[in-house]
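A short write-up of the structure that comes next.
Heads up: numbering here begins at 1 and tracks the sequence. The basis for the numbers below is simple: all heavy atoms, side chains too, and nothing from hydrogens, waters or symmetry mates.
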Amino acid sequence: MFAENTYPFDARGVAKRFRHAAIFGALSALQPGETMRFCNDHDPLPLLQQLQGHFGEQIQIEYLARNPGEIVIDFRILA
């Protein structure tokens with residue numbers, strides 16, 4: 001069960017060649033105050049740098065799990 005205004009995004013089910021575009025598209029569709037809960041099998045450090053460069057201070061990034069094979073990150077869009 002997800003909190004209100006939190007939407008799941010499981011990157012493991014998206015073909016690698018489409019992942020970054022899908023993630024950027026999903027985040028761009030969020031309204032201020034909404035969160036995308038991102039799940040992946042590896043830590044996406046290059047992606048995080050790209051997201052911070054693109055969204056700047058409009059995005060808050062919070063790790064919920066950072067274990068080998070299990071990464072869960074909340075991406076919250078700020079006003």
Side-chain angles (χ1 to χ4, degrees):
M1 191 55 72
F2 292 94
E4 187 176 345
N5 295 326
T6 299
Y7 303 95
F9 186 100
D10 191 338
R12 298 170 294 189
V14 179
K16 288 184 181 185
R17 64 186 278 196
F18 300 125
R19 279 186 192 168
H20 284 209
I23 293 163
F24 273 88
L27 287 171
S28 294
L30 293 178
Q31 299 297 313
E34 294 183 325
T35 299
M36 182 177 85
R37 179 150 303 152
F38 172 84
C39 297
N40 203 11
D41 57 2
H42 66 276
D43 204 348
L45 297 177
L47 172 66
L48 298 181
Q49 290 178 341
Q50 291 175 352
L51 291 174
Q52 288 178 323
H54 181 80
F55 290 99
E57 294 183 14
Q58 292 180 302
I59 193 167
Q60 177 184 14
I61 299 171
E62 178 185 0
Y63 280 87
L64 301 180
R66 200 172 190 180
N67 306 308
E70 179 198 20
I71 302 296
V72 181
I73 303 171
D74 273 359
F75 296 111
R76 182 175 177 83
I77 301 300
L78 306 174

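The salt bridge (charged side-chain N to carboxylate O under 4.0 Å, His left out) test applied to Asp41 returns no partner, not counting sequence neighbours. Considering only residues two or more places apart in sequence or on other chains, Leu78 meets the side-chain contact (heavy atoms from CB on, under 4.5 Å) condition with Gln60, Arg76. By the side chain to side chain donor-acceptor pair (under 3.5 Å) test, Asn5 is found to be paired with no residue, residues two or more places apart in sequence or in another chain being considered. Listed by chain and residue number, Asn67 satisfy the side chain to side chain donor-acceptor pair (under 3.5 Å) test with Glu70 (two or more places apart in sequence, or in another chain). Scored by the side-chain contact (heavy atoms from CB on, under 4.5 Å) test, Ala22 finds Phe9, Val14 as partners (sequence neighbours excluded). In this structure, the side chain to side chain donor-acceptor pair (under 3.5 Å) partners of Gln50, at least two apart in sequence or on a different chain, are His20.
From Gln58, atom CD reaches atom CG of Leu51 across 12.0 Å, with rounding to the nearest 0.5 Å. Taking CD from Glu62 and CD1 from Ile73, the interatomic distance works out to 10.5 Å, rounded to the nearest 0.5 Å. Going from atom CE of Met36 over to atom CD1 of Ile59 covers 7.5 Å, rounded to the nearest 0.5 Å. One finds the CZ atom of Phe38 at 11.5 Å from the CG atom of Asp74 (value rounded to the nearest 0.5 Å). For the atom pair CG (Leu64) and CD1 (Ile71), the distance works out to 11.0 Å, reported to the nearest 0.5 Å. The CG atom of Leu30 lies 11.0 Å from the CZ atom of Phe75; values are rounded to the nearest 0.5 Å.
Counting all heavy atoms, side chain and backbone alike, Ala79 lies closest to Pro32 at CA-CB, 3.8 Å. Summarising the geometry of Glu34 relative to Ala29, their closest heavy-atom pair is OE1-O, 4.4 Å, with the distance given to 0.1 Å.
If you chain together hydrophobic residues whose side chains sit under 4.5 Å apart, Ile61 and Val72 never meet in one group.
Listed by first and then second residue, the ring pair (Phe, Tyr, Trp, His ring centres under 6.0 Å) pairs that reach into residues 47-72 are Phe24-His54, sequence neighbours excluded. Screening residues 16-33 for salt bridge (charged side-chain N to carboxylate O under 4.0 Å, His left out) gives no qualifying pairs among residues at least two apart or on separate chains.
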